[in-house]
Each structure stands twice: as C-alpha cells, then as structure tokens.
Amino acid sequence: MDLRGRSGINRGGRVVPETGIQPFLPVKRYIRKGIPLEHRARVWMGVSGAQAQMDRNPGYYQRLLEGERDDRLEEAIRTDMNRTFPDNVKFRKGADPCLQRTLYNVLLAYGHHNRDVGYCQGMNFVAGYLILMTDSEEESFWLLDALVGSILPDYYSPSMLGLKTDQEVLGELVRTRLPAVAALMDRHGVPWTLVVSRWFLCLFVDVLPVETVLRIWDCLFSEGSKVIFRVALTLIKRHQSFILEASSFTDVCEKFREITKGSFVTECHTFMQVGGSTDIHRPAAWTERRRRHRVRRVGRGWCWSLG
C-alpha cells in the first residue's frame with residue numbers, strides 16, 4: 001500500500017490537506033501568531049493532512065512495525081539514537097520512559113513505509129521534536145510523513161535532490177535581494193550547502209531556540225516549504241552587515257553560525273513578525289524558479305548523501 005504524498009502540494013508548494021481545514025488568510029494569521037502549546041499537535045495534524053491519513057488507515061502504523069525486518073535500515077537508525085538530543089533527559093537510555101525506543105519505532109516504521117527514503121540523517125531530530133510535541137508514536141509518524149512525503153519532497157531521499165535544489169534557490173534569492181552577501185560567498189568560494197544544509201535538513205532544530213523552532217513549524221505545516229526560505233532570508237538580511245565583515249572562507253562559515261544566536265532569534269514573536277513580512281514571490285514564479293534549478297541539477301547528475 002503506497003500512501004506517500006496523499007495530501008498533495010499546490011503550485012506554490014503549499015500542502016493541500018484533505019481534512020477540509022484550509023489555511024485561508026484568517027487561519028494563517030492566527031497560526032503565525034503562534035499556536036498554544038496544548039493545541040499545537042492537534043492543529044499540526046489537521047492542517048498538514050496527517051489526521052486524515054491516520055483516520056483513513058487504522059492499524060497501518062502497527063503493521064509497519066510488525067513487518068519483515070530490514071537489518072540495514074535498523075542499523076542505520078540505531079547508529080543515530082545516542083546522537084539525538086543527548087542533553088535531553090527523556091532521550092537518555094536510563095530515562096523512564098525512554099523516548100529513544102519511541103524514536104526508533106517512528107523512524108523504523110517510516111523506513112518501511114517509504115522505502116525510497118528509508119532513513120536519512122536529520123530525520124532523527126525532526127521525528128524527535130514531533131514526539132515531544134505529540135506524545136504519540138502514531139501521530140509523530142503521520143506528521144513525519146506529511147513533512148518528508150509532501151511538504152519537503154526529495155529532501156531526505158538518497159540523492160537529496162529537493163534539498164540541494166532549494167539551497168540553490170536560496171542562493172539565487174540572496175543574489176537578487178542581497179547581492180553583497182552573494183558576492184562575498186563567491187569571493188571566498190563558500191557553497192551555500194556548507195552554511196545552510198543543517199537549517200534545511202533539520203528544519204532549524206538545534207540551530208534556533210526551541211520556541212522559535214516551534215513557531216516556524218506552526219507555519220511550515222500550514223504554509224509549506226516557503227517558510228524555510230523566509231526564515232533563512234530573515235536571518236541573512238538582519239545580519240547582512242555582520243556577515244560582510246568576514247574576511248576568509250572560515251570566517252564566513254563562523255558568521256553564519258553566529259547569526260543563529262542572540263536576542264533576535266530568542267524573541268520568537270518579533271522574529272516571526274519580521275520573517276512573515278518577507279515575500280517569496282507569486283506561486284507561479286516560485287514554482288518556475290524551483291523547476292529551473294531542479295532541471296539544472298538533474299542535468300549535472302550530481303547526487304550524494306550524508307552517508
């Protein structure tokens with residue numbers, strides 16, 4: 001049974017839920033102001049289409065866990081268990097209950113569900129956040145499917161084509177809007193993938209403060225992947241003068257690490273207000289931009305993974 005990507009994506013890259021809950025303007029405004037913690041999991045499930053998928057497929061998650069074994073998949077997941085939120089007591093082996101087992105189950109089930117992806121580094125941090133928010137294995141699984149299968153297609157596949165395409169699109173957006181920063185990157189030979197891969201792959205988990213990440217995810221589930229670009233552009237534009245002080249390859253990389261810290265990202269409400277005002281073009285223009293970069297990258301035949 002292939003259930004991937006059933007929610008679908010419209011021409012602007014926004015998730016189109018099958019629940020009847022559409023992110024119209026009034027809903028979008030409320031979500032951008034921040035979903036109350038006690039309602040966050042329910043809203044994420046609704047606007048992403050994950051709730052509809054779960055309701056339509058009772059018992060599917062459990063059947064995935066009880067399916068035939070895949071030693072290679074299991075070993076890849078186990079390798080990252082102790083690396084996932086090592087400072088969070090709930091993910092330590094001695095915890096009761098220990099969320100490592102929950103995380104393992106969600107990632108294993110997803111690997112069986114989407115064999116084209118299996119498991120990719122970065123998914124462990126995303127799934128871990130989902131588990132903390134939902135306190136439910138099955139809901140975490142379906143939300144992970146909404147992200148990996150619909151909102152961020154090909155981010156976590158072996159070729160990571162979607163991830164690399166979107167990093168190139170970010171580079172083009174910076175070249176258009178912040179040409180001095182683009183020129184600095186060119187001058188020192190710093191590829192965008194080196195400084196923003198973790199932003200895109202881990203969806204700002206362990207990059208920005210927890211509450212800020214959750215506010216970003218509120219919008220990500222309702223508006224789609226353009227939210228990642230808004231956040232990235234907001235960070236770069238806000239700190240443009242600081243970045244332009246860089247005088248070497250290493251210095252540029254360090255500047256990009258530094259811009260994810262400080263009061264601007266800690267004050268999540270102000271940060272999201274500034275980020276929400278960053279326009280990313282009309283849907284048709286946005287889709288064409290992505291299509292152009294994807295075609296160019298496929299033509300190169302450049303495919304790699306994090307190993």
Side-chain angles (χ1 to χ4, degrees), residues 1-10 13-24 27-28 30-31 35-68 70 73-74 77 84 90 97 99-120 122-157 203 205 213-214 216-225 227:
M1 185 188 312
D2 189 351
L3 303 172
R4 287 168 286 157
R6 294 283 290 276
S7 296
I9 301 179
N10 75 356
R14 175 174 61 81
V15 177
V16 180
E18 296 180 343
T19 57
I21 301 175
Q22 296 288 341
F24 293 130
V27 177
K28 185 190 295 185
Y30 282 120
I31 289 176
I35 302 168
L37 183 61
E38 63 271 23
H39 300 304
R40 188 164 258 141
R42 184 180 177 188
V43 174
W44 286 1
M45 290 289 289
V47 298
S48 68
Q51 185 67 55
Q53 285 283 65
M54 189 172 77
D55 292 345
R56 268 199 308 272
N57 298 283
Y60 178 68
Y61 174 72
Q62 195 58 42
R63 291 196 297 275
L64 289 170
L65 292 177
E66 295 168 356
E68 73 177 80
D70 182 332
L73 173 65
E74 292 175 23
I77 294 170
T84 308
K90 294 182 178 182
L99 292 185
Q100 275 198 12
R101 185 66 202 181
T102 304
L103 177 62
Y104 176 83
N105 286 347
V106 170
L107 293 172
L108 181 65
Y110 193 78
H112 287 307
H113 166 67
N114 188 344
R115 295 185 183 275
D116 291 339
V117 170
Y119 171 71
C120 171
M123 289 171 61
N124 52 323
F125 290 103
V126 173
Y129 251 51
L130 293 173
I131 289 165
L132 288 170
M133 284 298 101
T134 64
D135 198 28
S136 164
E137 277 190 32
E138 189 172 9
E139 289 183 4
S140 298
F141 165 80
W142 287 111
L143 284 169
L144 184 64
D145 183 48
L147 285 169
V148 177
S150 293
I151 300 174
L152 306 168
D154 287 334
Y155 266 45
Y156 302 94
S157 64
L203 308 181
V205 173
V213 173
L214 294 176
I216 292 167
W217 283 25
D218 290 346
C219 298
L220 180 63
F221 278 115
S222 67
E223 298 181 49
S225 60
V227 171

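Fair warning: this is a prediction, and the values are worked out from it, not measured in the lab.
- Listed by chain and number, the residues in a side chain to side chain contact (heavy atoms under 4.5 Å, CB included) with R101 are Y104, N105 (sequence neighbours excluded).
- Annotation for I31 and C219: closest pair CG2-N, 4.1 Å, computed over non-hydrogen atoms.
- Atom CE of M54 sits about 5.0 Å away from atom CD of E138, to the nearest 0.5 Å.
- For W44, the side-chain hydrogen bond (donor to acceptor under 3.5 Å, both in side chains) test picks out D218, with sequence neighbours left out.
- For S150 (side chain) and L147 (main-chain N/O), no donor-acceptor pair under 3.5 Å exists by modelled atom type.
- Minimum interatomic distance between L107 and A127 (heavy atoms only, all atoms of both residues): CD2-CB, 3.9 Å.
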| query | Yes or no on side chain to side chain donor-acceptor pair (under 3.5 Å) for D70 and H112, after CA distance, side-chain angles and deciding distance? | reply | CA-CA 8 Å; D70 182 332; H112 287 307; 5.4 Å; no
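- With a 4.5 Å cut-off on side-chain heavy atoms, L203 and I216 do not count as touching.
- With hydrogens and angles disregarded, no donor-acceptor distance shorter than 3.5 Å links the side chain of W142 to the backbone of A52.
- Residues H113 and Y61 bring no donor and acceptor atom of their side chains to less than 3.5 Å of each other.
- In this structure, the separation between CG on L220 and CG on L152 is 6.0 Å, given to the nearest 0.5 Å.
- The distance from atom CG of L103 to atom CE of M123, rounded to the nearest 0.5 Å, is 10.0 Å.
- Every side-chain hydrogen bond (donor to acceptor under 3.5 Å, both in side chains) that Y119 has, sequence neighbours left out, goes to D80, N124.
- Applying the side chain to side chain contact (heavy atoms under 4.5 Å, CB included) test to T102 and every residue at least two apart in sequence or in another chain returns L99, I131, E137.
- Taking P36 as the reference, E38, H39 meet the side chain to side chain contact (heavy atoms under 4.5 Å, CB included) condition, with sequence neighbours excluded.
- Distance check: M45 CE to L143 CG gives 5.0 Å after rounding to the nearest 0.5 Å.
- Here the side chain of N114 pairs no donor or acceptor atom with the backbone of Y110 at under 3.5 angstrom.
- With sequence neighbours excluded, no residue forms a side chain to side chain contact (heavy atoms under 4.5 Å, CB included) with D135.
- Residues that satisfy the side-chain hydrogen bond (donor to acceptor under 3.5 Å, both in side chains) test with T134, not counting sequence neighbours, are S140.
- Within the model, atoms CZ of F141 and CG of L130 stand 12.0 Å from one another, a figure rounded to the nearest 0.5 Å.
- A distance of 5.0 Å separates CG of L214 from CE of M133, quoted to the nearest 0.5 Å.
- When side chains are defined from C-beta on, D116 does not count as touching S157, because their heavy atoms never get closer than 4.5 Å.
- Nearest heavy-atom pair, A109 versus L64, reported as atom, atom and distance to 0.1 Å: O-CD1, 3.6 Å.
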